Amino acid sequence: METVKMEEFTSGASGRIIHLFRNIKRSVLSLTSLIRFFIFIQSFFLWFLLLLPRRRNHPPLKKKKWVFIRRRKFEDEQDALRRRELADQLQTGDGGVVSTTSLFFGSRLNALFSRSWFPVSGDVKGIVIIIHGLNEHSGRYAQFATQLTASNFGVHAIDWIGHGGSDGLHGYVPSLDHVVADTGAFLAKIKSENPAVPIFLFGHSTGGAVVLKATSYPHIKGMVEGIILTSPALRVKPAHPIVGAVAPLFSLVAPRYQFKGANKRGIPVSRDPAALVAKYSDPLVYTGPIRVRTGHEILRISSYLMRNIKSVTVPFLVLHGTADKVTDPLASQDLYNEAASPFKDIKLYDGFLHDLLFEPEREEIGQDIISWMEKKIEANYMNLEQASSLW
């Protein structure tokens, strides 16, 4: 029987195409003729493109995009300038305190609004740097600053990006790592100006999470005597599981979008009605729906801190109200139980809510903080004395 020869094929389409062109070459055109034919087609196509009429009424899409970005940047800058003017006009001092405002340029060269309060006379025993919570600003801590200065502590405070009088779209935080870096840079500036003065970092809520992460870096931890955390944002959970699931994607696609479903509406943060009115009527407090990227950043930093809770070694005092429905008091208890810090304390206030320094018992809470800082300074002084006696 005569054997039929089968054509060999490669595993891919390219092999079959090669076979096809081999047949064409043998039966129709020489290789040189084929090359000339393709050159002719290419030339004809180029001439066709040159003769097409140009459409001048429609700018390229890329140009439209840059116009939109420039316009949005301009609007953000105007918004920040309006808030900065309000922040600068805010009276936050009294006769016994020297209060000043200034601009600090952060790690990304954004203009960040800062305040300071210092006693009129006498040496300061320490300096407290205040990092406020989400949606608020440094000016809200004037009463606490006055209490600190009465005990001979100096106070500095800074507004996050997108908050208070600082640069950025109101309520929008592109990355809490930027806030962490800004905190470290601001601390370094204050430390360089006051090298012999003990410095404490204070952080409320998400500001507490920022302070805790900042002091996980050795160079930042080395500049502080200790940290104070009120209602820190640990083990934060979204209002609905679907929010946590879509947050990473939406934070990339629509980072500035205001997501109403993420807000925990109707949750009181203070038992003092006057404090609530003052907070939500303050034009420098952001009261709109949380922005997608901002919400995702809070979930991200909270998750990071809980994963690394056992590696915390900085001296700290954590304070939390047991009735807080915004952040978890049990997470603060876990921080105290599991952190490796040799010098740590916890204070839980039965029935108190989220904004501890705006509760009716704010003076008592402020004094607890002052007493802890004085105890820490005294312990450090005694350690230095013991060390010097060994020399």
Side-chain angles (χ1 to χ4, degrees), residues 61-84 105-113 131-137 158-185 203-214 233-265 283-307 326-327:
L61 183 60
K62 188 174 181 181
K63 185 176 180 181
K64 286 184 178 180
K65 180 180 177 182
W66 279 110
V67 168
F68 170 74
I69 291 173
R70 285 198 298 267
R71 184 171 68 246
R72 190 174 71 179
K73 184 179 179 182
F74 175 76
E75 291 171 353
D76 290 353
E77 289 172 351
Q78 293 303 303
D79 173 61
L81 288 174
R82 286 191 294 269
R83 286 187 282 109
R84 187 168 302 154
F105 290 89
S107 59
R108 296 169 61 83
L109 299 181
N110 299 108
L112 306 175
F113 190 85
I131 307 299
H132 64 76
L134 178 68
N135 297 336
E136 54 171 3
H137 61 97
I158 192 168
D159 293 343
W160 303 1
I161 186 171
H163 288 68
S166 293
D167 280 355
L169 174 65
H170 204 190
Y172 176 62
V173 181
S175 173
L176 280 173
D177 286 334
H178 297 166
V179 184
V180 168
D182 291 338
T183 298
H204 173 63
S205 193
T206 306
V210 166
V211 165
L212 198 56
K213 185 168 185 182
L234 303 172
R235 202 184 291 123
V236 175
K237 296 180 180 179
H240 193 280
I242 192 68
V243 176
V246 303
L249 174 62
F250 274 87
S251 70
L252 294 173
V253 176
R256 297 155 62 102
Y257 180 74
Q258 295 169 290
F259 188 49
K260 297 179 182 179
N263 277 12
K264 296 182 177 180
R265 291 188 172 276
L284 291 174
V285 171
Y286 177 72
T287 56
I290 193 169
R291 299 187 188 276
V292 172
R293 174 67 63 80
T294 305
H296 175 57
E297 285 296 304
I298 295 171
L299 295 175
R300 192 171 67 85
I301 195 172
S302 172
S303 175
Y304 170 86
L305 292 172
M306 293 308 296
R307 290 196 308 270
V326 178
T327 57

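The basis for the numbers below is simple: all heavy atoms, side chains too, and nothing from hydrogens, waters or symmetry mates. Here the structure is a predicted model, which is why all the values come from computation and not from measurement.
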Least distance between heavy atoms, [X] atom then [Y] atom:
X: Lys213; Y: Asp177; value: NZ-OD1, 2.8 Å
X: Ile290; Y: Leu134; value: CD1-CD2, 4.1 Å
X: Ser166; Y: Ile161; value: CB-CA, 4.3 Å
X: Val236; Y: Ser302; value: N-OG, 2.8 Å
X: Glu297; Y: Val173; value: CG-O, 4.0 Å
X: Leu176; Y: Thr206; value: CD1-CG2, 3.9 Å

Given side chains that start at C-beta, do those of Arg300 and Ser175 come closer than 4.5 Å, heavy atoms only?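 They are in side-chain contact.
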Val285 side chain near His137 side chain, heavy-atom distance below 4.5 Å: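 They are in side-chain contact.
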Could you measure the distance from the [atom1] atom of [X] to the [atom2] atom of [Y]? Nearest 0.5 Å is fine.
X: Glu136; Y: Asp159; atom1: CD; atom2: CG; answer: 9.5 Å
X: Arg293; Y: Leu252; atom1: CZ; atom2: CG; answer: 6.0 Å
X: Ile301; Y: Leu234; atom1: CD1; atom2: CG; answer: 9.5 Å
X: Thr294; Y: Leu169; atom1: OG1; atom2: CG; answer: 8.5 Å
X: Leu112; Y: Asp182; atom1: CG; atom2: CG; answer: 5.0 Å
X: Tyr172; Y: Arg291; atom1: OH; atom2: CZ; answer: 9.0 Å

Using a 3.5 Å distance criterion without hydrogens, assess whether the side chain of Ser303 forms a donor-acceptor pair with backbone atoms of Leu299. no
Pairing residues for His132 by the ring pair (Phe, Tyr, Trp, His ring centres under 6.0 Å) criterion, not counting sequence neighbours: Trp160, His163
Test of understanding: with ring pair (Phe, Tyr, Trp, His ring centres under 6.0 Å), list the residues that count as partners of His178, not counting sequence neighbours.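 With sequence neighbours excluded, His178 shows a ring pair (Phe, Tyr, Trp, His ring centres under 6.0 Å) to no residue whatsoever.
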Is the shortest side-chain N to carboxylate O distance from Arg84 to Asp167 below 4.0 Å?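 Here Arg84 pairs with Asp167 in a salt bridge, since their nearest N and O are under 4.0 Å apart.
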